[in-house]
Peer 1: 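I'd like to ask you about the structure that follows.
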2 protein chains.
Amino acid sequence: MRRGRTTIQDVAQQAGVSVATVSKVINARYGVAAATAAKVQAVIEELGYESSLVARSLRSHRTGVIGILVAELEPFTAELLKGAGRAVEGSGYELMVYAAGGPGIERVGWERRNLSRLGGTLIDGAILVAPTVVTPDDTIPLVAVDPHRGRSGLPMVNSDNRAGGRAATEHLLALGHRRIGFLAGRPDLESAEQREAGYRDALAAHGIPVDPALIEVGGYEQERAERAARALLTLPDRPTAVFAANDRSAIETLEIARTLGISVPGELSVVGFDNIPESVMCHPPLTTVDQFIQHMGFDAVELLLRMLAGKTPEQTHLTRPTTLVVRQSSGTAPGRRAPRPAKVAAARSRTTATVARAARA
Amino acid sequence: MRRGRTTIQDVAQQAGVSVATVSKVINARYGVAAATAAKVQAVIEELGYESSLVARSLRSHRTGVIGILVAELEPFTAELLKGAGRAVEGSGYELMVYAAGGPGIERVGWERRNLSRLGGTLIDGAILVAPTVVTPDDTIPLVAVDPHRGRSGLPMVNSDNRAGGRAATEHLLALGHRRIGFLAGRPDLESAEQREAGYRDALAAHGIPVDPALIEVGGYEQERAERAARALLTLPDRPTAVFAANDRSAIETLEIARTLGISVPGELSVVGFDNIPESVMCHPPLTTVDQFIQHMGFDAVELLLRMLAGKTPEQTHLTRPTTLVVRQSSGTAPGRRAPRPAKVAAARSRTTATVARAARA
DNA sequence: GTGAAAGCGCTAACAT
DNA sequence: ATGTTAGCGCTTTCAC
């Protein structure tokens, strides 16, 4: 046995041919005698040789690999990957997920950095998840999922965040809440901005002025979100409900409420956004806005695949609808004695069923 | 603007120095005048240059990237990634997940193929998830998660599958079930084998002979599992309970039961294994064995990190305990009128709480 | 039909 | 302190 990996050199030597010939056999190029090809093939099998993706891509600039670039491997990303995974099946492409290394290090610009590191070589196209800035790089086809604010011109997949934000807030209003706090997300993301717009829409529609004291920025970061939630819940005249811009923040709000001895949904209603699996497993299960993350992952890959095939897709901006999923973290506003309306209960089972179906789709 | 990526060549030219000098600056090597370094650095910023991971790794054989090789991006994998993601934070390493491309193509040997393609270059170490065969490759440090049967000598992380299988079966026995079917998993995986052993253990402990007709192989594959579940449920004298070797198979069993008009848990109890998020979202929510997948991912990365640091870990075989999580898919055996015991209800809330905590850990 | 040689972008010895 | 040279493993002209 040799040390290190088996290289094309080893195969060539063992087969008694040149490296070039082996390469031709591997890539099924013309100009190789059947007998030679067979012999080389046999040696390849024997040695268990597999050509190095790295060396190959450095040279040929075509790898059959799609990159998914994310800042962090957290629930949202994980859901997205499930959808992406299904979309590549049978496409001939493989998936490479590159995680920038946690939430810590220099969020801004990670996608450009990693794109430079991988693009042009290694991956034929990439999906950028919640990118901070994107200099439309013309090296390889790109698709953005849940992108930052402002037109980037990049093909993208997102959801109707504004309608989702509105639905969440309307739900709380329907339950009699009037002081509804908003736990804002990453200010640079269009989605976060739109969810806030939806929140404002709903309040405006009901003639309720927005109270700036009830808006805190959580930024989708654990500590910051916790601080923001605590600020909201320790207000002299605290809100009776909080709409958080994503499920993680909402779950953190649930946590803070628990430490403060505030019962949910008795004294406080909480609504999130995303419908990550964790939103079902927390206590109480979270009312949230489903944005069908798996579908987004699926769509993004499909779009990219089409671009890689050279077809210019007619639709380069895919926006998915969202659905409110009512669970146990939201209830009638304190002081109101309206019983939980029957239609809410009905909505609950329906939407939950939807989720289950989406998970398998 | 140039076409294609910016290379080290471009930087060197623009800065009026040699390529080697630029390389030294990038890698903070000695032998560069402060002034030169500053100038080069400025050009790097200006051009937005980032060195190619591919070219670099081809040469230096050190990348700071850990590979996670999986056959498919499905719920189990996704959970594992969450844990792995947390473990690399602050380690200086980044994570690259490589998905072999769906459940379809040539399952056996995918890990060896991909390892050859990436190893030695691109990744400094790898985690193999549910590998089919592993020729202990000495090129880079390897850790296996949920490995195949037989000693591979590879450092590994798994759970106490036998105890878990026993607990699941004991639970059904305690509910009065006597005809308990088993939906087996991938025969090549040690975990699947152990779960079956646990099942047999429990039956034996209660003096119940194993009925071969009640054992079907699902192989963790959608279609096959569905066929197996259908076979079990259409048996002339069908089982009153089914223990499936993983949650996906269990959820598929739920599905088949529904199409056959068999009510769960009224006429049939179902217990799974894994505790993937989907097990909470299905109908009814699944009773299952939690194997703390996220923790396994965390542990695997930590173990690999230690190996990469050159420390030989004293413990190279990590086995985690499992916990039964009782939800709504299991109930008293038909014909028995024992009310659902109070302690089961108690266990339920406790274990669910455990899950919630684990999810955040 | 086959092999020699150049080069992808980079780093590491070795010169200067 | 800087540049020159030689590859890493592979693909691709282009001779033979």
Peer 1: Between the base of dG9(C) and the side chain of Arg59(B), is one N or O donor paired with an acceptor at under 3.5 angstrom?
Peer 2: no

Peer 1: Rounded to the Å, how far apart are Asn27(A) CG and dT13(D) C1'?
Peer 2: 15 Å

Peer 1: Rounded to whole angstroms, how far apart are CG on Leu53(B) and C1' on dT11(C)?
Peer 2: 14 Å

Peer 1: Determine the sole option in Asp10(B), Asn27(B), Val17(B), Thr36(B) for which the side chain to side chain contact (heavy atoms under 4.5 Å, CB included) test with Val22(B) is passed.
Peer 2: Val17(B)

Peer 1: If you only use heavy atoms from C-beta on, which nucleotide in dC10(C), dA4(C), dG9(D) is closest to the side chain of Ala20(A)?
Peer 2: dA4(C)

Peer 1: When you match Thr21(A) and Ser60(B) each to their closest nucleotide on DNA chain D, which lands nearer the 5' end?
Peer 2: Ser60(B)

Peer 1: Hey, could you give me the OG1/CD distance between Thr6(B) and Gln14(B), rounded to the nearest 0.5 Å?
Peer 2: 10.0 Å

Peer 1: Whole angstrom is fine here: how far is it from CG in Leu122(B) over to P in dC8(D)?
Peer 2: 18 Å

Peer 1: Evaluate the criterion side chain to side chain donor-acceptor pair (under 3.5 Å) for residue pair Gln294(A) and Arg86(A); output intermediate values, then yes/no.
Peer 2: CA-CA 9 Å; Gln294(A) 296 192 25; Arg86(A) 277 196 299 271; 2.7 Å; yes

Peer 1: By the 4.0 Å heavy-atom rule, please label Ala33(A) as base, sugar-phosphate, or nothing.
Peer 2: sugar-phosphate

Peer 1: Mind calculating the distance between OH (Tyr30(B)) and C1' (dG3(D)) to the nearest angstrom?
Peer 2: 21 Å

Peer 1: Name the one of Leu304(B), Leu318(B), Val301(B) that satisfies side chain to side chain contact (heavy atoms under 4.5 Å, CB included) with Val157(B)?
Peer 2: Leu318(B)

Peer 1: Taking atom C1' of dA12(C) as reference, at what distance in whole Å does atom CZ of Arg62(B) sit?
Peer 2: 16 Å

Peer 1: Measure from CD on Gln9(B) to P on dC10(C) and round the result to the nearest Å.
Peer 2: 8 Å

Peer 1: Does any donor atom in the side chain of Glu111(B) or Thr132(B) lie under 3.5 Å from an acceptor atom in the other side chain?
Peer 2: yes

Peer 1: Among dC10(D), dG3(D), dC10(C), which is the nearest nucleotide to the side chain of Tyr49(A)?
Peer 2: dC10(D)

Peer 1: Where the side chain of Ser18(A) is concerned, which of dC10(D), dT2(D), dG3(C) is the nearest nucleotide?
Peer 2: dG3(C)

Peer 1: Just call it for Val54(B): base, sugar-phosphate, or nothing, with non-hydrogen atoms closer than 4.0 Å on any strand.
Peer 2: nothing

Peer 1: Taking CZ from Arg5(B) and C1' from dC8(C), how many angstroms apart are they, rounded to a whole number?
Peer 2: 11 Å

Peer 1: Go through dG3(D), dT11(C), dC10(C) for me and flag the one nearest to the Ser23(B) side chain.
Peer 2: dT11(C)

Peer 1: If you compare every side-chain N and O of Ser57(A) against the phosphate oxygens of dC8(C) (OP1, OP2), does one of them come in below 4.0 Å?
Peer 2: no

Peer 1: Given that Lys24(A) and Arg29(B) both sit by DNA chain C, which one's nearest nucleotide is further toward the 5' end?
Peer 2: Lys24(A)

Peer 1: Rounded to the nearest Å, what distance is computed from the CZ atom of residue Arg56(A) to the C1' atom of nucleotide dC8(D)?
Peer 2: 16 Å

